Number of protein chains: 2
Amino acid sequence: MKKHLITTEWNEDDFNRMFLPGIAIDAVIFGFHDQRLMVLLLQYKNTNAFALPGGFIMKHENGNDAAQRILKDRTGLSNIYLEQFYTFADISRHDTSFFKKIMKARGMKPTKNHFLLNRFISIGYYALVDFTKAVPTTDLLADECKWHDLKELPPLIQDHQQIIQKALSTLRQDLDIKLVGFNLLPETFTIGDLQNLYETILDTKFLRTSFQRKILNLGILKMVDKKMTGAAHKAPYLYKFSTK
Amino acid sequence: MKKHLITTEWNEDDFNRMFLPGIAIDAVIFGFHDQRLMVLLLQYKNTNAFALPGGFIMKHENGNDAAQRILKDRTGLSNIYLEQFYTFADISRHDTSFFKKIMKARGMKPTKNHFLLNRFISIGYYALVDFTKAVPTTDLLADECKWHDLKELPPLIQDHQQIIQKALSTLRQDLDIKLVGFNLLPETFTIGDLQNLYETILDTKFLRTSFQRKILNLGILKMVDKKMTGAAHKAPYLYKFSTK
DNA sequence: ACAAAAGTGTTAGCCTTACACCCATGA
DNA sequence: TCATGGGTGTAAGGCTAACACTTTTGT
């Protein structure tokens with residue numbers, strides 16, 4: 001049976017045999033819920049530190065495939081919208097205190113040249129997932145894997161705060177050009193939902209009427225059906241993203 | 001005396017001691033000359049293969065600093081406009097035939113696990129330089145370092161063709177947003193020069209009068225002086241990029 | 001009926017396109 | 001003076017901001 005997840009049973013040789021050394025992948029997984037932009041974070045056992053989900057590239061594996069694998073492991077989803085946005089390669093990233101703590105707590109030996117304690121560069125990917133479909137899944141080193149409001153992030157290890165910041169600014173740039181926002185919504189949604197999403201991500205307000213026309217004039221939405229929310233107002237139309 | 005360039009005297013241990021393994025930097029250095037967008041390429045001795053200038057990250061060096069160092073080595077210029085655009089991490093990149101050929105020709109032993117023959121991921125940077133100021137400089141492994149017309153590229157090693165393509169498409173996106181085009185021109189230039197540059201990079205034509213107004217309305221150009229070309233027409237104004 | 005949110009119509013302003021016209025210079 | 005390219009003026013069209021108005025639903 002293949003070991004797909006990092007387990008506490010792994011020793012130094014396992015890492016060295018399986019993965020490219022010195023190269024990590026960090027994933028900023030965005031979800032949208034309750035008018036808030038959320039990020040998936042891991043909390044490690046016996047620490048107060050939170051971290052982005054990440055992993056390594058197997059010796060026979062493409063970088064992008066590794067990113068998809070990591071995302072599948074943490075969310076259960078395949079074919080996720082994924083975008084590589086930056087590679088972080090400063091020496092100041094090289095902070096081993098966190099990994100040492102974890103390794104000790106897990107009974108792994110922090111030997112001097114251990115795979116995990118070397119300098120790493122990290123390839124940053126951001127992912128957009130349907131919050132209602134993703135199932136946050138812990139790995140064996142972590143305590144929990146949970147959504148966090150982007151506006152109320154806990155303390156993060158290493159440079160993960162900056163990685164999230166850069167992911168967000170890339171997402172903001174891509175939002176209008178690549179029209180990626182739909183990946184954060186369920187299959188059908190109202191224009192109001194979409195406007196909330198845009199306003200949250202870009203941290204601005206749009207005029208309702210102008211936004212509606214702008215989006216519909218793009219010609220990429222298909223009307224699906226009426227929504228009967230039971231709310232005390234006119235039921236909005238539901239739309240679907242149309243690739244055509 | 002520090003060894004700043006890769007020399008033929010280096011042995012395997014030198015590489016392993018100095019550089020991060022498995023991580024390369026490739027630089028797509030753009031220049032503009034004679035209405036053409038040019039790229040700096042190295043040709044290696046005793047081969048027909050051309051390659052992008054590149055290098056490795058020293059163990060105590062930031063990734064971005066390594067890129068600046070590589071650019072300084074190939075162009076003589078410091079403080080170059082530099083932008084990281086993508087990290088290439090496919091397995092299919094791992095093509096050792098080229099390096100083996102060079103190493104043999106240079107009298108280096110292509111041992112099985114030689115630093116240069118392992119799988120590499122490559123961090124791609126693009127640079128914009130003033131063609132009139134850059135001094136293409138060969139390294140010791142290469143035969144020559146020369147500008148090549150982007151439209152008439154020679155055969156390139158590995159995936160360097162795709163790297164250039166991705167650099168170009170990123171440059172095209174950045175051109176309007178980040179207003180980086182000025183880095184390709186001398187300190188002072190005419191609107192006509194700038195229009196030629198834009199038309200070449202984006203491979204489109206603009207209306208002369210509209211382009212003029214669009215650029216000037218950005219408020220980032222400062223008029224400097226009259227140009228006396230000696231050409232048989234009205235002398236155009238010279239402009240300077242104004243950071244303010 | 002009324003409040004609340006969705007949808008549509010209309011006008012003004014801005015930017016770009018398109019083209020006409022004037023300006024300066026050297027042959 | 002004439003050809004050539006640079007600079008400005010002006011009108012049409014498209015997009016967005018702003019706001020008024022209508023439509024639909026549950027209380």
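In this text, all values refer to a predicted model and were calculated from it rather than measured experimentally.
In this structure, B:Tyr44 has its ring center under 6.0 Å from that of B:Phe98. Aromatic pair A:Phe50/A:His148: ring centres closer than 6.0 Å.
Other residues, nucleotides and ligands place more than 12 heavy atoms under 6.0 Å from the CD atom of A:Glu144.
Remark: P of C:dA6 and CE of A:Met223 are 14 Å apart, rounded to the nearest angstrom. If you take CG of B:Leu218 and C1' of C:dC14, they are 14 Å apart, rounded to a whole angstrom. One interatomic measurement links the two molecules: CG of A:Leu216 to C1' of D:dG14, which rounds to 17 Å at whole-angstrom precision. B:Leu238 has its CG atom 15 Å from the C1' atom of D:dG7, to the nearest Å. Atom OH in B:Tyr237 sits roughly 12 Å away from atom P in C:dC23 (whole-Å rounding). For B:Lys214 and C:dC14, the NZ to C1' distance is 15 Å, given to the nearest whole Å. What separates CD of B:Gln212 from P of D:dG5 is a distance of 15 Å, to the nearest Å. One can place CZ of B:Phe206 at 19 Å from C1' of C:dC19, the figure rounded to the nearest angstrom.
Among the nucleotides C:dA20, C:dA6, C:dC23, the one closest to any side-chain atom of A:Lys234 is C:dA6. Nearest nucleotide to the A:Ala235 side chain, out of D:dT16, C:dG9, D:dT25: D:dT25.
For the residue pair A:Gln43 and A:Asp143, no side-chain donor N or O sits within less than 3.5 Å of a side-chain acceptor on the partner.
If A:His233 and A:Phe211 are placed on DNA chain D by their nearest nucleotide, the residue sitting closer to the 5' end is A:Phe211. Projected onto DNA chain C by closest heavy-atom contact, B:Leu207 and A:Arg213 fall at different nucleotides, the more 5' of which corresponds to A:Arg213.
No donor-acceptor distance shorter than 3.5 angstrom exists from the side chain of A:Ser169 to the backbone of A:Ala167, with no hydrogens or angles considered.
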Ignoring hydrogens and angles, write down the donor-acceptor pairs under 3.5 Å from the side chains of residues 149-159 of chain A, residues two or more places apart or on other chains.
| unit_1 | atom_1 | unit_2 | atom_2 | d |
| --- | --- | --- | --- | --- |
| A:Asp149 | OD1 | A:Lys151 | N | 2.8 |
| A:Gln158 | NE2 | A:Asp95 | O | 3.3 |
| A:Asp159 | OD1 | A:Arg93 | NE | 3.4 |
| A:Asp159 | OD1 | A:Arg93 | NH2 | 3.1 |
| A:Asp159 | OD2 | A:Arg93 | NE | 2.6 |

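Each end of the helix from C:dA1-D:dT27 to C:dA27-D:dT1 gets its own axis from five base pairs, and the two axes differ in direction by 10°, given to 10 degrees.
Here the side chains of B:Lys222 and B:Tyr239 are not in contact, with every heavy-atom distance at 4.5 Å or above.
With hydrogens and angles left out, the side chain of B:Arg208 and the base of D:dG5 share no donor-acceptor pair within 3.5 Å.
Contacts with DNA chain C (heavy atom under 4.0 Å) in residues 184-205 of chain A: none are found.
In this structure, A:Phe211 and A:Phe206 have tilted ring planes: the angle between them lies in the 30° to 60° band.
A pairwise comparison of heavy atoms in A:Leu42 and A:Arg74 identifies CD2-CD, 4.1 Å as the closest pair.
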